[in-house]
Structure formats: C-alpha cells, structure tokens
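The sequence lines fix the lettering, A, B, ..., with proteins before strands; numbering per chain opens at 1.
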Number of protein chains: 2
Amino acid sequence: MKGFVHPGREDLRIDSVLEALANPIRLRIVKRLAGGEELTCSTTLPDVSPSTASHHWRVLREGGVLWARREGRIILHTLRREDLDARFPGLLDSVLAALDDSGSLTPALP
Amino acid sequence: MKGFVHPGREDLRIDSVLEALANPIRLRIVKRLAGGEELTCSTTLPDVSPSTASHHWRVLREGGVLWARREGRIILHTLRREDLDARFPGLLDSVLAALDDSGSLTPALP
DNA sequence: TGGTTGGTTCACGTATAGTCGAACCATGAA
DNA sequence: TTCATGGTTCGACTATACGTGAACCAACCA
C-alpha cells in the first residue's frame, strides 16, 4: 500500500468512467469534489462503514475519476477534472448539472 | 405485455441513465441508435441469446434511454435524444463522442 | 386453423457489486 | 517505543446483474 494506482489520462475508458459514476454514493462524492474541496475518506461518508467507503473511493480512483494522495495520516482526494474534460468533453459537466437539479442524491452531510 | 413502459421525460434520473449506459453491450446499442437507425432486437445483437438481448433492451427502455414501439411483428427502437438532451444537456453527446474515439466498443456487426 | 417469426417472460445458475466487521498497515504524536 | 488515528485489505454474506434455454405470447401468413 505504498502510493496509489491511477490510470493515465490516455488510459481512461468511457465504460469504466460510466461504471464508476453509476452509483448514488459515488455520485455524492463526485458532487462534493466538484465544489473544489479536497476530501478525506471518512469525513465524506459518515453513514457507511470505513471499508465500504474505501471501496467506493477505490472504484472512483481506479476508474480515473479522482486523484488520491497521502498527506500525513490522511488521504486527500481531488477530481480529475482536466483529464476527464480532455478525454470526454462535456461528460462531467452534464453529470454535475444533473446532480445540481435533483436534490435526491444530496442528503444532509457535514 | 401490451405496449411498453417508458418513464416520462421528467421522471428520467441521472443515476438510472448512467446505470443503463454503464455496460459495453448497451453502449454498442446506443451507438448504433445514434446513427439514426431504428433498430430491432435480434438484428442488433446477433452474438447474444434473444433473452439476453431482451434484457439489455429493457434496461435501456426502463432507464429512459430509448423508445420502443411495435410495428407489426417486430419492435423498433429509437434513441430518446430530445428527452435526454433536455434533461441532461451534453451527456449523450459526450458519451457518443467517446464511443467514436475508441473503437473498442464497436466490434464488427451487421 | 395452424405454422412461422420476432420478442418476452420465467426459472435457474453464475458472476460481480455492495456491505460489514475484524485485522492489519502507515503515519505522527506522546 | 508505544499509542491513537485514518485507511486499507481480507473474508464472509447478501443482493443484484448477467446470461441462458424453455415456454410462452403477439402478429402475420398460408
């Protein structure tokens, strides 16, 4: 567990990205990240167990949706906006716009 | 089995649509439909069984991605482009553009 | 009427996603 | 060194997705 595996920009695949996005919990994460915050694992999903949270972060990371980097004891995540926009122009924006419209995927969270 | 159940435009949900799109077989279907063709079930997926094909058509239909209408003995499918563009502007275009770039999801088909 | 064609539905098996607790690892602090 | 914190990994379980063949249905045709 020394550092994270991220697909390169050119390795991003549309079906992997769609797969990563096709989950309400992961969409919540993406929505939060889109605000520009750097999120940690535990503070973002207090309603699921640490192992479940870790699973979802991994799917997003390996799908190429976000970067993970260790900062001391915590792990900070940021959206790979440039890479996603470069490879799939408009995709992220359209999904984020849809998330703004429907409040269904944005329960009250700290 | 008298006619098909389609979600209304306002009932389209981003996670259902992403879920429907997050599958290579269904992406192949969407790509074909985007060409403007009206596709039947069997001619589009000759490499999977009729029941499997029917399953994928159903996921796309119930996710709101396409219209199905009976025309005599066959069922014709068309992309719900207007509805998708209205509810999730840019989503379909970005996915289709990605499908054009990578030939990986477009095996030789009749 | 009976047969054929195009699809669906059902029942089933298999594979994978999602979830969790327990154990473990990495980091920083005492 | 020892401890606490933040995450991951592992093993197990459950739920759902995927895939199939068999049976069925709906429309057309002879």
Side-chain angles (χ1 to χ4, degrees), chain A residues 1-6 13 15-30 32-33 37-63 65-78 105 107 109-110, chain B residues 1-6 13 15-30 32-33 37-63 65-78 105 107 109-110:
Chain A
M1 219 317 104
K2 286 283 182 208
F4 301 101
V5 183
H6 297 94
R13 284 168 43 215
D15 50 343
S16 300
V17 172
L18 289 173
E19 184 70 46
L21 295 178
N23 175 283
I25 289 183
R26 296 195 290 269
L27 283 179
R28 278 166 49 194
I29 294 177
V30 169
R32 294 279 306 271
L33 288 173
E37 308 175 70
E38 284 195 305
L39 298 179
T40 65
C41 298
S42 55
T43 59
T44 310
L45 298 172
D47 49 344
V48 301
S49 75
S51 44
T52 298
S54 185
H55 164 70
H56 288 297
W57 287 111
R58 175 205 281 260
V59 173
L60 288 168
R61 170 164 34 88
E62 297 186 346
V65 176
L66 49 79
W67 297 115
R69 77 167 200 280
R70 181 174 284 277
E71 189 89 2
R73 248 178 308 193
I74 65 177
I75 292 167
L76 291 176
H77 297 92
T78 51
L105 296 169
L109 284 179
Chain B
M1 217 313 99
K2 287 284 182 208
F4 300 101
V5 182
H6 297 93
R13 283 168 43 214
D15 51 342
S16 300
V17 171
L18 289 173
E19 185 71 46
L21 295 177
N23 175 282
I25 290 184
R26 295 196 288 269
L27 282 179
R28 279 166 51 193
I29 294 177
V30 169
R32 294 278 307 273
L33 287 173
E37 310 174 70
E38 284 195 306
L39 299 179
T40 66
C41 298
S42 54
T43 60
T44 310
L45 299 172
D47 49 343
V48 301
S49 74
S51 43
T52 299
S54 185
H55 162 70
H56 288 297
W57 288 112
R58 175 206 281 262
V59 172
L60 288 168
R61 171 164 34 88
E62 297 186 345
V65 175
L66 50 78
W67 296 115
R69 77 166 199 280
R70 182 172 283 277
E71 190 89 0
R73 247 178 311 192
I74 65 177
I75 293 167
L76 290 175
H77 297 91
T78 51
L105 294 169
L109 283 179

Legend entry - T52(A) side-chain N/O to dT19(C) phosphate OP1/OP2 under 4.0 Å: no
Inset, instruction - Answer with base, sugar-phosphate or nothing: what part of the nucleic acid does V59(A) contact at a heavy-atom distance below 4.0 Å? - result: nothing
Inset, instruction - Say whether, by atom type as modelled, one donor and one acceptor occur between the side chain of R70(A) and the main chain of F4(A) under 3.5 angstrom. - result: no
Legend entry - Separation of dA17(C) P from D15(A) CG (nearest whole Å): 12 Å
Inset, instruction - Nearest whole angstrom, please: distance from the P of dG6(D) to the CZ of F4(A). - result: 15 Å
Legend entry - Protein-nucleotide distance (E62(B), atom CD; dA17(D), atom P), rounded to Å: 11 Å
Legend entry - Contact check, side chains of T40(A) and L76(A), non-hydrogen atoms, under 4.5 Å: yes
Inset, instruction - May I have the distance from H55(A) (atom NE2) to dC13(D) (atom P), rounded to whole angstrom? - result: 19 Å
Inset, instruction - Calculate the interatomic distance between L39(A) atom CG and dG7(D) atom C1'; express it in whole Å. - result: 15 Å
Legend entry - Exercise: identify the closest heavy-atom pair between R61(B) and V5(B): CG-O, 3.7 Å
Legend entry - Closest approach of A20(B) to L60(B) (non-hydrogen atoms, all atoms of both residues): O-CD2, 3.9 Å
Legend entry - L76(A) CG - dG6(D) P separation (whole Å): 13 Å
Inset, instruction - Measure from NE2 on H77(B) to P on dG6(C) and round the result to the nearest Å. - result: 15 Å
Inset, instruction - Would you please confirm or rule out a distance under 4.0 Å between OP1 or OP2 of dC18(D) and any side-chain N or O of N23(B)? - result: yes
Inset, instruction - Answer yes or no: does a side-chain N or O of R26(A) lie under 4.0 Å from OP1 or OP2 of dG18(C)? - result: yes
Inset, instruction - Between dT9(C), dT8(D), dA26(D), spot the one nearest the side chain of S54(A), thanks. - result: dT8(D)
Legend entry - dT5(D) OP1/OP2 closer than 4.0 Å to side-chain N/O of S42(A): no
Inset, instruction - Among dT8(D), dG7(C), dT19(C), find the nucleotide with the atom closest to the side chain of T40(B). - result: dG7(C)
Inset, instruction - Figure out the CZ/P separation between R73(A) and dT27(C), and round it to whole Å. - result: 11 Å
Legend entry - Comparing S51(A) and E71(A) on DNA chain C - which has the more 5′ nearest nucleotide: S51(A)
Inset, instruction - Decide yes or no, distance alone: a donor-acceptor N/O pair under 3.5 angstrom between the base of dG21(D) and the side-chain of S49(B). - result: no
Legend entry - Residue whose nearest DNA chain D nucleotide is more 5′ - R58(A) or I74(A): I74(A)
Inset, instruction - Measure from the side-chain heavy atoms of P50(A) and tell me the nearest of dT27(C), dC10(C), dT8(D). - result: dT8(D)
Legend entry - Residue I75(B), side-chain atoms from C-beta onward, closest of dT8(C), dT9(D), dG6(C): dT8(C)
Legend entry - 5′-ward residue of the pair H56(A)/G72(A) relative to DNA chain C: H56(A)
Legend entry - Check: R26(A) main-chain N/O paired with H56(A) side-chain donor or acceptor under 3.5 Å: no
Legend entry - Flag side-chain contact, heavy atom, 4.5 Å: I25(A) against L27(A): no
